[in-house]
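So that the names make sense, note that chain A is the first sequence line, chain B the second, and so on, each numbered from 1.
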Amino acid sequence: MSFIKPSFRHPSAPTNALGLTTQAYEGGISTLCAGCGHDSISASIMQAVWALNIPPHRVAKMSGIGCSSKSPNYFLNKAHGFNSVHGRMPSVTTGANVANRDLLYIGVSGDGDTASIGMGQFAHVIRRNLNMTYIVENNGCYGLTKGQDSATADEGHKSKKGKINPFESIDLVALALELGATFVARSFSGDKDQLVPLLQAAMSHKGFALLDVVSPCVTFNNHPGSTKSYDYTREHVQAGSVVDFVPMEQEITLDQIKGSTQEVALHNGDSVRLSKLNDNYDPTDRVNAIKVLHKHKSEDKLLTGLIYLEPESDNFHDILNLPETPLSQLRENTLCPGSAALSAINTGLK
Amino acid sequence: MSFIKPSFRHPSAPTNALGLTTQAYEGGISTLCAGCGHDSISASIMQAVWALNIPPHRVAKMSGIGCSSKSPNYFLNKAHGFNSVHGRMPSVTTGANVANRDLLYIGVSGDGDTASIGMGQFAHVIRRNLNMTYIVENNGCYGLTKGQDSATADEGHKSKKGKINPFESIDLVALALELGATFVARSFSGDKDQLVPLLQAAMSHKGFALLDVVSPCVTFNNHPGSTKSYDYTREHVQAGSVVDFVPMEQEITLDQIKGSTQEVALHNGDSVRLSKLNDNYDPTDRVNAIKVLHKHKSEDKLLTGLIYLEPESDNFHDILNLPETPLSQLRENTLCPGSAALSAINTGLK
Amino acid sequence: MSPISTPPLMNKKVNDFVVKFANVNGSGSASANSMFAKAIFRMGIPVSPRNIFPSNIQGAPTWYEVRICEQGYLGRRAGKVELMVSVNPQSMADDVNEVCEGGYFFYDNTYPLDFKLIRDDINYIGLPLTQIVNATFNDPRRRQLFKNIIYVGSLSYLIGIEFSALESIVADTFKAKPKLIEPNVSALQLGFDEAKKAFNEPLPIQLERRNKNDGKIMLEGNAACGLGAVYGGATVCAWYPITPSTSVAEGFEKYANKLRKDPETGKNNFAIIQAEDELSAIGMVIGSNWNGARSFTATSGPGVSLMQEFLGLAYFAEVPAVLIDVQRAGPSTGMPTRTQQSDLLISAYASHGDTKQVCLFPATPKECFELTADAFDIAERLQTPVIMLTDLDLGMNEHICDDLEWDDSREFDRGKVLSAEDLDNMDRFGRYLDIDGDGIPNRTIPGTHAEKGAFFTRGTSRDEYAIYTEKGEAYQRNMERLLVKWKTAPEYLPKPEITNRAASSSSSGNGIGVIHYGTSMAATHEALDQMSADGVAVNDLRVLAFPFSDEVKAFIDQHDQIFVVEQNRDAQMKTLLVNELEVAPRDLQSVLEFNGDPISATQIREGIENNLKTDSVVKSA
Amino acid sequence: MSPISTPPLMNKKVNDFVVKFANVNGSGSASANSMFAKAIFRMGIPVSPRNIFPSNIQGAPTWYEVRICEQGYLGRRAGKVELMVSVNPQSMADDVNEVCEGGYFFYDNTYPLDFKLIRDDINYIGLPLTQIVNATFNDPRRRQLFKNIIYVGSLSYLIGIEFSALESIVADTFKAKPKLIEPNVSALQLGFDEAKKAFNEPLPIQLERRNKNDGKIMLEGNAACGLGAVYGGATVCAWYPITPSTSVAEGFEKYANKLRKDPETGKNNFAIIQAEDELSAIGMVIGSNWNGARSFTATSGPGVSLMQEFLGLAYFAEVPAVLIDVQRAGPSTGMPTRTQQSDLLISAYASHGDTKQVCLFPATPKECFELTADAFDIAERLQTPVIMLTDLDLGMNEHICDDLEWDDSREFDRGKVLSAEDLDNMDRFGRYLDIDGDGIPNRTIPGTHAEKGAFFTRGTSRDEYAIYTEKGEAYQRNMERLLVKWKTAPEYLPKPEITNRAASSSSSGNGIGVIHYGTSMAATHEALDQMSADGVAVNDLRVLAFPFSDEVKAFIDQHDQIFVVEQNRDAQMKTLLVNELEVAPRDLQSVLEFNGDPISATQIREGIENNLKTDSVVKSA
Ligand SMILES: Cc1ncc(C[n+]2csc(CCOP(=O)(O)OP(=O)(O)O)c2C)c(N)n1
Ligand SMILES: Cc1ncc(C[n+]2csc(CCOP(=O)(O)OP(=O)(O)O)c2C)c(N)n1
Ligand code: SF4
Ligand code: SF4
Ligand SMILES: [Mg+2]
Ligand SMILES: [Mg+2]
């Protein structure tokens, strides 16, 4: 338990377009271990939602089970949250999302929650292109059950107990690309400068956005030999298209952006500015993204940044041909056909 | 119900090295629809096992639920089979396989069974590199429940009821490649010449072998507009590395092999001979295989053949450091440490 | 007509016999069969058709058993049939044996009958169906399809189906494709004429017009559930295909497409999601309901097993959900195309830990419609899953029932959902606070209010304000409140239906009572009416909901001997009665039938009569 | 020592009190705590320590409650504690209130105590622990770790733990790292000396050496299960992490690595598979057992919910499987680090359709060991899943029990498995044929015979020869045979344990009987012994297995009043008793405790005494 409210209050307490300070976006006191990567991600989420000028109560925080899945408790207290069951956040979010298209859906999951028990739902929520931000707080282990290797633990990685992981890891970014995700990014809990704009872009994307965030487990997976430790990650991170999120109104410039830039429009009129390592990298080319990803992996580099973006795609609301009014707001007059229609049906059944 | 025993008895009834005719490899009368692709695959499986000189009772036939999953009933009557529950064939096979490494494990699944409810187990059996042949009898629909679209139904495909599928299909071959499968192939139920050697190669591979076989459902998914019909498949098939399986003793030459050939060694000393469409295609290059696959897809071509092979890899038995003797054959003397060891344990607990 | 000796003659039977069709599945017989039953329905005669189909897609034997019953008993009639219409060579041997003494075996005599199939106690009536279709049609598919229509035409002659009734059905069926009307009517006529030519007189089993079906319709239970969901305000249906529940989602889709598309925008005021499996389907349902949209799923036994974890979450976190379980014969994959009532325990006590779930038991398509609509009110009022247990017999067969009704003044009961205004006007919101003493707390929907009412829904223990706690007292208070809610529940649930046949209670005792539920109704009523007619009065109570209301306990207390009729092996309803009402198990005797066929009056009557304690018998009035 | 007034004096208590440690989790207190308990164990005094830990990893309050009880009662003692060792500022306010009148509150007085924490009826004993460690160690981690060791040293002085017992434990613990022995002993000594310096005399609660632990060990239930699986011949363990069952797989791994590695080849004569979820874990277990290897899994409630579909398959297809359910407080995620006995119904009637599953209920680590080993024999003998229901209290705490024993002549009972020779010597093999009349058919393992014995295992209906059928009679025969098997089962299951405290039956009645199971044993015995001592004789029966053997019914029949002690809300064992034995529910009165704490004798005694019917009381002999 860190006892530190992951807050980021500035002395001058700046307000967003809604006139809210970041304080309005805070959550409960974290009960995670002091130094847990997940807490940093929570802080970045607050920052991103604040900066996007989204009223906190218009967000739905969805999660499964795990340390990571607890973390929605620690941001956006004014938003409803649903800490469901292990590995099933995607289905609950799908139902919620279809019910009310007007909220912003932030799903927080762990690598255990997603890549093991939740693999099926992960694949299918991608396939449906559900309009949500899916954050995997990826520590390569099962934090809450005391540190077993997860399916994203790298081959050859050494667990705290000294066992070598014999299995090839599942790369959720590559998998999401293969499954047709329309927004795929990776980041590191320790790199807020990259994470916050990526989160903003993901939340603005009208469709499924995966954010795989390496988030060291200080208690069980932060030792030498671990390939998901702070040190290892810092050393192996290769920032790919570093991202800056540009709201329609106002352009933010970040010093971190290196190389040439390219602006990609998002569905809501905003755009992301990509800073690419080399000019050939086109984040809208899926097959190339897969290739580059594999190349980095083979060189033992962890590619972070916005890896793929398909700005125009039908999301699940489009596919379902849903009305603008959220289904949850339709009332008897719209929903119930009444007795006259029933008489006609009776007649047809004679 | 076809009433036709999918048999392939030759007038001269050739025998294999065990002195068995193909009759010894037959199964029960099929209750599938006449013309169902699955029955052709059953026939090819019999042929392959026969040709590999495997005694029928040394095979274990594993399946989930579906028309496809019923089909192990219709080949190899002398082998035990396990028609388990929907989508869970991989776990049952994993348990069985770990228990007795000496049998040949043929898993038969459907696209519903694998790509929907079974997605998680599919991913994880690949990750474990279980020594098995995993056949997906892929008809793009749920045959047994009367033809609903499955997750492998192509985007834009039209169902028998006339609905257009709005979802991108899951390509199990691409997915398996991404998940690290060590043998990945695709074929077509109607192309026995290609399917039989691929099956033989898959069965000889010491590790996980995926064979995604397009297998039209004549009843629900064989109409114009379907992208898994006989006609559509025949038109769109692009045979990639056509395969010939070469047992150690004897080399079979197949006329169908076109282009230049390359021989790839299999773990058991046998080898597969690849016939490639162009000289650059190296079936042992995973990233390239993914690329080629996507390229064919974007050109609306269905790549069949042996798409990827990693001849040397640790399979699950190696990873688990299992003895040569199957676990199921170990007896009390090996398994039970006895009272002396227990006394020592008691002492340690005082 | 019998090839060997003269079989016994059958007495004339009007409107009281069984006709069974032996077909090959996938051969297109379904529509001809249903035309047959529908025509009888239109003649005003009670009729109950049942499909008996295999768990495979094409080529296997399939039967269609149609009971015609003047008195209106719609349960399965056990025993042999008066007329077998045999069009499947594969099952002929069995089919011949199904005919009652003196009964009729109608077959295609294009090919000679195997002599092994000859019984000398039944009548064989052959028509060269194959020959007729081959002579009439060129296209093999037409030959196949029209063969079925032709034998319906022949039956029209043989047992007196009004030809006009058949014609009206053809006209209705092909309203959208009028070109098909004429060929179908011709085929019927052809069959009629050929039969008339071949047999100089109709059979002694005959249909005669009545007016018993006024104010009635004929409908499958599953379609009725789908329609009920439309009327009940369901907007999200998440499902995974499984026999025999698939047609619930299909029914919802059909009616929603018709009744719920926005006429202006063409948008769907509903969403149907074919999930990747049942875990996902129920997860979606819970997510939608949590977020304020009425949502349901339909499945069968294996799906209910897979939904256990989520059902426990919904119970404990108090999220509404509606689940329709169309039961089939278990355990495991069991007999997926046979009926049973064997998912009671897994539903009533779904999930690990201490849980109790609300269940509903409809018996007719009309009740499927009504209880499905009600289920959404109940789920929201009680903030808990509602599991409706129907079965294959009810769900996948057409049943006659009263016209569906809807009260236009009816409003959805959303339960204790707080509006933004409510929140403004109250102190601290306590999600799990029992303010009204009924165990039901207030609930908020995400997005309602900028400052108040948000909380973290979870499956872990928390206090009245939804704050996480591991304090035993808080946990216990919550679990006890859930029991208070459980006691409140019957208030919102349909009451049992009681039929008293006994004269008002005699001094010697209060006689015999029978408890039943769901599709055992028709057969139970038939059995008890028969017994009553024979002088033994038996009352019955039909359970419509779990938890039980007081009337159930009172009924048990009021009778000396109680039988519980169920279509399962392990007497699962009895277990619930005993467990929840603290009734002594030996006071409840079971009448069980679980071989996959719908239960029949004969079985029930036997089950009761073989176990009657003479001192509890009360004569009927 | 109390800062304000003089608190009441406590009478001297020898070997009969409770010490509770309030720690922060993740702070390394666990090993110091267990050293404390172990030392008392080595002094020959009965002791029962219990961890009370949160469902999180680091920084939250955690307690270690150690009951010392001369008489040997190892259940939780309810009520306040004699000595609280407070090293967690976070929970201090609550911890102070947990001390009994006149009791002691031991704390780190480096910083002054908040005056709000001062009660005038207890004694405060402070030692400047932080100051001491800061003065002694430089490394912050060492400071943290040794703080715990130091207070154990202080307690050694204060309540009379033999220093040599502590030393022996340090020596054993660091056998492999001898360098660590000296610093640990020094830290203990430091604590001892500082306490001696600060307090002129030890506390009135004192430990005195006894010899009650001869022939006994101290072990966690989960480790015992793991060891039992090694002895029972399990070769495949497939599991998915979940509290509180994880240490079962870890125990198996530890012992298998030690006892099952081939000394020559270094190969593992076992396989441990961390599955991707519980569905997969149980699927693997079923696959292995089907293929002839003994295999098991361990999980907790949510896992059992997820395993339902597979459990139904194994029941119906008759595949052995062993499942260890370490129960925690449900429903849903519930209180994952609290104990409960609430998965009985979901286990006993697991899965949809008519199913009945064999369950075992161990009460001690020794029984965990034995029943796990037995479970494999039972599962193979009966060809069905065996679900062992233990709980968090038993599984994750060290308990004193008798030395483990193993009979070297024991052979695995593989049940009716046919060899190739058997097959050669028989006619047609019928997988589901009841040859012996016990409902248990013959079984073959894949690969056994080239020509005979192969069949298709499936969850669908089939006949005696494993041929698929949809015939109702064949299905029914099979389901009825499964009931015959169910009747056979108790023969192979452990018998209940009966303790008679009443003098031989009096004429006025047969008195009171108590039924309990699993970890309610210790508290039940304690309560009944107390009552007996006070003149009210109560017999008890401990259930070890489901289905019940005749002794259970006889016990119920022999007593006038029966109480059933359970750690759940809904009286789930009572439901099973009523349902399976046809006992009247009102004849069984429940004593329920379900707040997540292990049940105590006080609660049981109250539960019984408040409901005693005076005419069923029999005086103790
Ligand atoms: C059905 C089920 N199985 C197992 C568990 C136990 N469990 C809780 S959290 C967890 C894994 C969490 O790992 P991850 O998702 O990576 O989250 P982290 O704690 O590492 O952030 C498991 C297995 C559970 N709660 N439910
Ligand atoms: C848990 C569960 N859910 C649903 C079903 C119903 N069901 C049977 S087969 C099947 C789909 C089969 O599709 P596929 O695997 O593609 O096989 P095919 O029949 O097309 O060969 C489904 C959904 C089931 N048996 N079990
Ligand atoms: S155990 Fe690991 S993942 Fe969990 S809170 Fe602690 S550091 Fe974070
Ligand atoms: S329904 Fe389709 S998949 Fe099933 S047997 Fe018939 S053709 Fe084959
Ligand atoms: Mg993790
Ligand atoms: Mg399919």
Side-chain angles (χ1 to χ4, degrees), chain A residues 28 31 55-58 60-62 65 72-73 76-86 88 90-100 102-103 120-121 123-124 127-128 320-324 326-332 334-343 345-346 348-350, chain C residues 42 217-219 227 230-231 233 235-236 238 259-260 262 265-273 275-277 279-293 295 309-310 313 403-408 410-412 444-451 454-460 468:
Chain A
T31 62
H57 75 292
R58 303 304 294 170
K61 309 175 296 185
M62 314 302 290
I65 297 282
N73 227 335
L76 298 186
N77 248 348
K78 293 177 184 170
H80 275 250
F82 199 153
N83 189 192
S84 61
V85 288
H86 196 28
R88 319 294 176 195
S91 63
V92 178
T93 308
T94 303
N97 194 315
V98 167
N100 185 355
D102 279 357
L103 305 182
Q121 298 213 340
H124 285 272
R127 187 162 168 267
R128 295 191 181 97
L320 289 173
N321 188 29
L322 294 184
E324 287 306 313
L327 293 179
S328 63
Q329 266 144 57
L330 302 177
R331 295 286 164 258
E332 284 85 346
T334 315
L335 298 178
C336 187
S339 62
L342 202 55
S343 292
I345 290 170
N346 280 329
L349 297 170
K350 300 263 171 192
Chain C
R42 290 202 177 169
I217 56 172
M218 210 168 172
L219 179 60
L227 185 60
V230 171
Y231 274 76
T235 49
V236 182
L259 304 166
R260 278 274 195 80
D262 189 298
T265 62
K267 295 282 177 187
N268 294 338
N269 286 325
F270 64 93
I272 297 172
I273 315 174
E276 61 272 29
D277 60 19
L279 289 98
S280 183
I282 187 75
M284 291 174 188
V285 169
I286 289 171
S288 292
N289 277 297
W290 172 78
N291 219 5
S295 171
E309 191 193 15
F310 258 130
L313 172 72
D403 282 357
L404 305 182
E405 290 161 316
W406 190 260
D407 172 1
D408 286 326
R410 175 170 171 170
E411 284 179 10
F412 299 152
T444 53
I445 307 283
T448 302
H449 192 288
E451 297 291 333
F455 68 99
F456 205 51
T457 304
R458 62 199 322 157
T460 40
Y468 181 74

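- Rounded to the nearest 0.5 angstrom, S91(A) OG and F310(C) CZ are separated by 4.0 Å.
- In terms of heavy-atom proximity, F412(C) sits nearest to E332(A) at N-OE2, 2.6 Å.
- With a 4.5 angstrom heavy-atom cutoff, P55(A) does not touch chain C via any of its atoms.
- Using a 4.5 Å cut-off between heavy atoms, L279(C) touches chain A through backbone and side chain atoms alike.
- Closest non-hydrogen pair, W406(C) versus G338(A), comes out as CD1-CA, 4.1 Å.
- With a threshold of 4.5 angstrom between heavy atoms, I282(C) does not approach chain A through any atom at all.
- Heavy-atom minimum distance, S328(A) versus N291(C): CB-O, 3.5 Å.
- A pairwise comparison of heavy atoms in N321(A) and K267(C) identifies OD1-CD, 3.2 Å as the closest pair.
- The minimum heavy-atom distance between F456(C) and N83(A), with the atom names listed, is CE2-CB, 3.5 Å.
- In this structure, the portion of R58(A) lying under 4.5 Å from any heavy atom of chain C is its side chain and not its backbone.
- Residues passing the ring-ring contact (aromatic ring centres under 6.0 Å, His included) test with Y468(C): none are found, sequence neighbours excluded.
- Within the 4.5 angstrom heavy-atom criterion, only side-chain atoms of V236(C), from C-beta onward, approach chain A.
- Inspection of the D408(C) and S339(A) side chains reveals an N or O donor paired with an N or O acceptor under 3.5 Å.
- Taking every heavy atom of both residues into account, N268(C) and L327(A) meet most closely at O-CD2, 4.2 Å.
- Between N100(A) and I445(C), the closest side-chain pair of non-hydrogen atoms is not below 4.5 Å.
- Here the rule is side-chain contact (heavy atoms from CB on, under 4.5 Å) with M284(C), and of T94(A), V98(A), N97(A) only T94(A) fits it.
- Only the side chain of L103(A) comes within less than 4.5 Å of a heavy atom of chain C; its backbone N, CA, C and O stay farther away.
- A search for ring-ring contact (aromatic ring centres under 6.0 Å, His included) contacts involving H86(A) returns Y240(D), not counting sequence neighbours.
- With a 4.5 angstrom heavy-atom cutoff, T265(C) does not touch chain A via any of its atoms.
- Between chain A and the options T444(C), I272(C), V285(C), the largest number of non-hydrogen pairs under 4.5 Å is found for T444(C).
- Screening Q121(A), R128(A), R127(A) against E276(C) for a side chain to side chain donor-acceptor pair (under 3.5 Å) leaves a single residue, R128(A).
- Neither the backbone nor the side chain of A238(C) comes within contact range of chain A; no heavy atoms are under 4.5 Å apart.
- Between E451(C) and K78(A), some side-chain heavy-atom pair lies under the 4.5 Å cut-off.
- Looking at A341(A), the atoms closer than 4.5 Å to chain C (heavy atoms on both sides) sit in the backbone and in the side chain alike.
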